[in-house]
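Quick note: residue numbers are just sequence positions, from 1.
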Amino acid sequence: MSDGHLFNNILLGGRGGSNPGQLRVHSGGVAWRKAGGGKVVEVDKADITGVSWMKVPRAYQFGVRVKDGLSYKFTGFREQDVSNLTSFIEKNIGVKPEEKQLSVSGRNWGDVEINGNMLTFLVGSKQAFEISLADVAQSHLQGKNDVYLEFHVDDTTGANEKDSLMDLCFHIPNSNTQFVGDENHPAAQVFLDKILARADVGSSSGDAVVTFDGIAVLTPRGRYSIELHLSFMRLQGQANDFKIQYSSVVRLFRLPKGLIHEEFTRILNALSGAKVTKPGSFRSCQDGYAVKSSLKAEDGLLYPLEKGFFFLPKPPTLILHDEIEYVEFERHGAGGSSVSSHYFDLLIKLKNDNEHLFGNIQRNEYHNLFDFISGKGLKILNLGDGRVTNGVAAVLHNDDDDAVDPHLERIKNAAGGVETDDEDEDFIAEKDDSGSPTDASEEEESDAIESGAEKEKPSKKDSKKEVVSKASSLKRKSKDGDDDSKKRKQKKKKDPRAPKRAMSGFMFFSNAERENLKKANPGMSFTDIGRAFGERWKKMSAEEKEPYEAMARADAKRYKEAMAGYKSGGPAINVDSGNESGSD
């Protein structure tokens, strides 16, 4: 580059780990951009007060200190980069880099050096670690000789890291010569006073620019007085206080939920300088900016934004469109109740294989969400040739809530119109399961086949009554001449020539895994077995389901051919043995 140097794969370090990105050192200052977008760090030449080099394991670390006391550490430089960058900085920025050495002795006692807002712990003349006192949220004495420091949450780096430095404790013996105290003011108190004077904690933080009293905050939940200072904001509650540095704010999202939010966002934007993201073109069926949904058993609002989705309040979840592999509209819940037909679920699969399932979305929000998502060019799973889309849309548009199940309609369209909804047929009841709904449904389906016409499905109340009557008939034998018993036995017997109904991929999966599940969970009830298989099937990927779906397609073809032969009076295929069977 003619004006500066550009370095790739440079890590920005912090208390929460490190993030890779691209660093540019130019005549106007330093700029670092996170790989894949997101956090941007820009330091103007006039704000730089010092730079340093340090040899760290397998690389060199470049440190930049700015006027407000913050310090940025960039790691990943080669040895030859040090001399080239040092000459450029001296000539164009006017600061001479100093060389520091890292202590690797492992000792945890030494000297403390406080320079501005930076605290450096030295072992001998070498640096063990360095922290910014601007990150300190609270500090107090523990006993007579210990000083406890608690840090605010580090949102600047290491978003994918599980660990972050949250607190630190210094032991200040009375015999030390650096922080000298007396009986009334011990050495630890002298050290604490120096920390509080530079950490913007408590009353030393100065007056706030503006204060909002009694604001209901969703996360952390409660009512807080929010103070907006020049370099940070503080949330003061009855039990907890929180401090957020403006330098850690990546972006502001103004998601309408009240009147005061606009003024609050405008002031916070002016103080922090962070960009503000507002809702875009999406409108719900009630002309709102969000749809009601749930995530991980927590109810909240899902905001479809121009470049992502944002779920509030708990857990606050931001999903960028660039991170999405595909989305899928699913039937809500595993049952076919009238309540579940009022809602649907939205599954978002990320490129890193993580998933977010937003459930309990009202059915009348489907068209708005579908049009918005398809308009953004996101991949919608199982769209097929367009018939599936029209089928789901028709179902969701139907005014009769119990008329058709949208998930079943989608499956039927995807399978080319072959009906394979006989999922319960192969849940054969054992001795202790007599009288289960499976027995009743199987006999009814057999009657439908024998008559050569599809029967109308009974209502749920009628099904329950039928189950009760079946169970009672199995417990006691009918006596000759018993009119009630004769009435219950008026159903026609199953035609042995009739082919067995085709099974779905889910049923093939259940049959293959049923014995394993029973061995692992002896005593599990019939209902719990079905529920467990439903949950496992829902979490399986398309690749994992494919072997069973292939069996289902082959079985659907077999059933269609066998049914054609049966209706024409020819032989039918026996599913279990694979041989032809028929009656003269």
Trainee: Could you tell me if Gln189 and Asp193 have a donor-acceptor pair between their side chains, going purely by distance under 3.5 Å?
Mentor: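 Distance-only check passes for Asp193 and Gln189.
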Trainee: Would you call the rings of Phe253 and Phe310 parallel, tilted or perpendicular, where under 30° means parallel and over 60° means perpendicular?
Mentor: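 Phe253 and Phe310: perpendicular rings.
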Trainee: Could you check whether Lys278 pairs with Glu306 (Lys NZ or Arg NE/NH1/NH2 to Asp/Glu carboxylate O, under 4.0 Å)?
Mentor: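 A salt bridge is absent here (no side-chain N lies under 4.0 Å from a carboxylate O).
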Trainee: Could you tell me whether Lys55 sits above the aromatic face of Tyr60, with NZ or CZ closer than 6.0 angstrom to the six-membered ring centre and within 45 degrees of the axis?
Mentor: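 Yes - Lys55 lies over the ring of Tyr60, closer than 6.0 Å to its centre and within 45° of its axis.
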Trainee: Inspect the surroundings of CD in Gln80 and state if more than 12 heavy atoms from other residues, nucleotides or ligands are less than 6.0 Å away.
Mentor: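 Above 12, so yes.
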Trainee: Checking side-chain polar atoms at under 3.5 Å, does His171 have a donor or acceptor matched by the opposite partner on Asp146?
Mentor: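 Side chains of His171 and Asp146: pair found under 3.5 Å.
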Trainee: Using a cut-off of 6.0 Å, state whether more than 12 heavy atoms not belonging to Arg58 lie near its atom CZ.
Mentor: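 For Arg58, atom CZ is not crowded (no more than 12 foreign heavy atoms under 6.0 Å).
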Trainee: Show your reasoning for whether ring-ring contact (aromatic ring centres under 6.0 Å, His included) applies to Phe358 and Phe311.
Mentor: CA-CA 9 Å; Phe358 300 96; Phe311 178 82; 5.7 Å; yes
Trainee: Using a 4.5 Å cut-off on heavy atoms from C-beta on, say whether the side chain of Leu122 contacts that of Ser103.
Mentor: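 A side-chain contact under 4.5 Å is absent here.
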Trainee: For Leu230, I'd like to know if atom CG has over 12 heavy atoms of other residues, nucleotides or ligands within 6.0 Å.
Mentor: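 Not buried by this count: 12 neighbours or fewer within 6.0 Å.
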Trainee: Roughly how far, to the nearest 0.5 Å, is the OG atom of Ser52 from the CD atom of Gln61?
Mentor: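 Result: 7.0 Å between the selected atoms.
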Trainee: Would a 4.5 Å heavy-atom cut-off, applied to side chains only, mark Asp345 and Lys538 as touching?
Mentor: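 They are in side-chain contact.
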Trainee: Do Arg223 and Asp213 meet the salt-bridge criterion of a basic N to acidic O distance under 4.0 Å?
Mentor: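 Result for this pair is no, no salt bridge flagged.
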Trainee: So, taking the atom named CG in Asn176 and the one named CD1 in Ile172, what distance separates them when rounded to the nearest 0.5 Å?
Mentor: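 Here the rounded value is 6.5 Å.
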Trainee: Between Lys351 (side chain only) and Asp322 (backbone N and O only), is there a donor and an acceptor less than 3.5 Å apart?
Mentor: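 Judged by distance alone, yes, a pair lies under 3.5 Å.
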Trainee: If only side-chain N and O atoms count, and only distance matters, is there a donor-acceptor pair under 3.5 Å linking His229 with Glu227?
Mentor: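 A donor-acceptor contact under 3.5 Å links the two side chains.
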Trainee: Counting only heavy atoms not in Gln178 (residues, nucleotides, ligands), do more than 12 fall under 6.0 Å from its CD?
Mentor: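 Result for CD/Gln178: enclosed.
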Trainee: Restricting to non-hydrogen atoms, name the atom on Gly214 and the atom on Ser225 that form the minimum distance, rounded to 0.1 Å.
Mentor: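 In terms of heavy atoms, the two residues are closest at N-OG, 4.1 Å.
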Trainee: Under the side chain to side chain contact (heavy atoms under 4.5 Å, CB included) rule, what do Leu381 and Val327 come out as? Steps first, then yes or no, please.
Mentor: CA-CA 6 Å; Leu381 199 64; Val327 300; over 6 Å; no
Trainee: Given the rule in the ring-ring contact (aromatic ring centres under 6.0 Å, His included) test, do His26 and Phe88 qualify, once you have shown the distances and angles that lead to the verdict?
Mentor: CA-CA 9 Å; His26 54 94; Phe88 180 84; 8.5 Å; no
Trainee: For the side chain of Glu544 and the backbone of Ser541, is there at least one donor-acceptor N/O pair under 3.5 Å apart?
Mentor: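 Confirmed, Glu544 side chain pairs with Ser541 backbone.
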Trainee: In Å and rounded to the nearest 0.5 Å, what is the CZ to CG distance from Phe179 to Leu192?
Mentor: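 Atom-to-atom, Phe179:CZ and Leu192:CG are 11.0 Å apart.
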Trainee: With a sphere of 6.0 Å drawn around OH of Tyr148, does it hold more than 12 non-hydrogen atoms of other residues, nucleotides or ligands?
Mentor: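 Atom OH in Tyr148 is packed in, count exceeds 12.
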Trainee: Between Ile319 and Ile324, is any pair of side-chain heavy atoms under 4.5 Å apart?
Mentor: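 Answer yes - side chains close enough.
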Trainee: Quick one: pull up CD in Glu355 and CD in Glu328 and give me the separation to the nearest 0.5 Å.
Mentor: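 Going from the CD atom of Glu355 to the CD atom of Glu328 covers 9.0 Å.
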Trainee: Show, in sequence, the C-alpha distance, side-chain angles and deciding distance for Ile226 and Arg234, and conclude whether the side chain to side chain contact (heavy atoms under 4.5 Å, CB included) test is met.
Mentor: CA-CA 6 Å; Ile226 303 179; Arg234 173 176 285 122; over 6 Å; no
Trainee: Going by an N to O cut-off under 4.0 Å, is there a salt bridge joining Glu42 and Arg33?
Mentor: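 Salt bridge between Glu42 and Arg33, a charged N being under 4.0 Å from a carboxylate O: no.
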Trainee: Hey, would you say the Phe77 and Trp53 ring centroids sit under 6.0 Å apart?
Mentor: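 Here the rings of Trp53 and Phe77 have centres that are less than 6.0 Å from each other.
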Trainee: So which atom in Leu357 and which in Leu295 form the shortest heavy-atom distance, rounded to 0.1 Å?
Mentor: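 Scanning both residues completely, I find the closest heavy atoms to be O-CD1, 3.5 Å.
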Trainee: Determine whether a donor-acceptor pair (N or O, by modelled atom type, separation under 3.5 Å) exists between the side chain of Trp32 and the backbone of Val43.
Mentor: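 No, the answer is negative, given that no donor and acceptor are paired below the 3.5 Å cut-off.
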Trainee: Are the side chains of Thr317 and Leu312 in touch, meaning some heavy atoms are under 4.5 Å apart?
Mentor: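 The answer is no, as the side chains (C-beta and beyond) never meet within the 4.5 Å cut-off.
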Trainee: Could you go through Phe191 and Phe170, starting from their C-alpha distance and side-chain angles, then the distance that decides it, and tell me whether this counts as ring-ring contact (aromatic ring centres under 6.0 Å, His included)?
Mentor: CA-CA 9 Å; Phe191 177 73; Phe170 290 94; 5.4 Å; yes
Trainee: Please report the shortest heavy-atom distance between Ile89 and Val95, naming the atom on each side.
Mentor: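 That closest heavy-atom pairing would be CG2-O, 3.3 Å.
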Trainee: Do you know which two heavy atoms are closest between Asn368 and Cys285, and how far apart they sit?
Mentor: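 Smallest heavy-atom distance, with atoms named: ND2-N, 3.1 Å.
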Trainee: Determine whether the aromatic ring centres of residues Tyr366 and Phe329 are separated by less than 6.0 angstrom.
Mentor: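 Between Tyr366 and Phe329, which both carry aromatic rings, the centre distance is below 6.0 Å.
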Trainee: I'd like to know if the side chain of Asp182 and the backbone of His185 have a donor-acceptor N/O pair within less than 3.5 Å.
Mentor: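 Present.
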Trainee: Verify the distance criterion only: is there a donor paired with an acceptor across the side chains of Asn360 and Ser293 at less than 3.5 Å?
Mentor: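 Absent: no donor and acceptor within the cut-off.
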Trainee: Between Phe264 and Phe212, is the gap from one ring center to the other below 6.0 Å?
Mentor: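 When the ring centroids of Phe264 and Phe212 are compared, they turn out to be within the sub-6.0 Å range.
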Trainee: Considering non-hydrogen atoms only, spot the tightest contact between Thr86 and Val82 and give its length.
Mentor: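 Scanning both residues completely, I find the closest heavy atoms to be OG1-O, 2.6 Å.
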Trainee: Are any of the side-chain nitrogens in Glu513 or Arg536 under 4.0 Å away from the carboxylate oxygens of its partner?
Mentor: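 Arg536 and Glu513: salt-bridged.
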Trainee: Check this for me: does any side-chain nitrogen of one of Glu130 and Lys100 sit under 4.0 Å from a carboxylate oxygen of the other?
Mentor: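 Answer for the salt bridge query: yes.
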Trainee: For the pair Ser139 and Leu196, evaluate side chain to side chain contact (heavy atoms under 4.5 Å, CB included) and give the outcome as yes or no after the intermediate values.
Mentor: CA-CA 7 Å; Ser139 182; Leu196 295 177; 4.1 Å; yes
Trainee: With a 4.5 Å cut-off on side-chain heavy atoms, are Leu85 and His5 touching?
Mentor: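 Heavy-atom side-chain distance check passes, below 4.5 Å.
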Trainee: To the nearest 0.5 Å, how far apart are CD in Glu365 and CZ in Phe372?
Mentor: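 So the CD of Glu365 and the CZ of Phe372 are separated by 13.0 Å.
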Trainee: Quick one: closest heavy-atom pair of Gln142 and Cys169, and the distance?
Mentor: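 Nearest pair, atom of Gln142 first, then Cys169: OE1-SG, 4.0 Å.
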Trainee: Mark yes or no for whether His356, through its side chain, and Ile348, through its backbone, hold a donor-acceptor pair below 3.5 Å.
Mentor: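 Side chain of His356 to backbone of Ile348: no pair is present.
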Trainee: Would a distance-only check, ignoring hydrogens and angles, find a side-chain to backbone donor-acceptor pair under 3.5 Å from Asn521 to Leu517?
Mentor: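 The answer is yes, because a donor-acceptor pair under 3.5 Å joins these two groups.
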Trainee: Between Leu11 and Phe74, is any pair of side-chain heavy atoms under 4.5 Å apart?
Mentor: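 The answer is no, as the side chains (C-beta and beyond) never meet within the 4.5 Å cut-off.
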Trainee: If we only count heavy atoms from C-beta on, is the Lys349 to Asp353 side-chain gap below 4.5 Å?
Mentor: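 Result yes, sub-4.5 Å side-chain heavy-atom pair found.
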Trainee: Return the CE to OG1 distance between Met233 and Thr211, rounded to the nearest 0.5 Å.
Mentor: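 Answer for the CE-OG1 pair, Met233 versus Thr211, is 11.0 Å.
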Trainee: What do the steps show when you test Phe282 against Val291 for side chain to side chain contact (heavy atoms under 4.5 Å, CB included), and what is the final call?
Mentor: CA-CA 10 Å; Phe282 176 80; Val291 296; 3.8 Å; yes
Trainee: Would you mind reporting whether Val30 and Asp44 have side-chain heavy atoms less than 4.5 Å apart?
Mentor: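 Not in contact.
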Trainee: Using atom types as modelled and distance alone, determine if a side-chain donor or acceptor of Lys545 lies under 3.5 Å from a backbone N or O of Trp537.
Mentor: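 Yes: the side chain of Lys545 pairs with the backbone of Trp537.
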Trainee: Taking atom CG of Asn9 as the centre, report whether more than 12 heavy atoms of other residues, nucleotides or ligands fall under 6.0 Å from it.
Mentor: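 Atom CG in Asn9 is not packed in, count stays at 12 or less.
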Trainee: Do side-chain atoms of Arg283 reach the backbone of Gly280 as a donor and acceptor pair under 3.5 angstrom?
Mentor: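 Looks like yes, one N/O pair under 3.5 Å.
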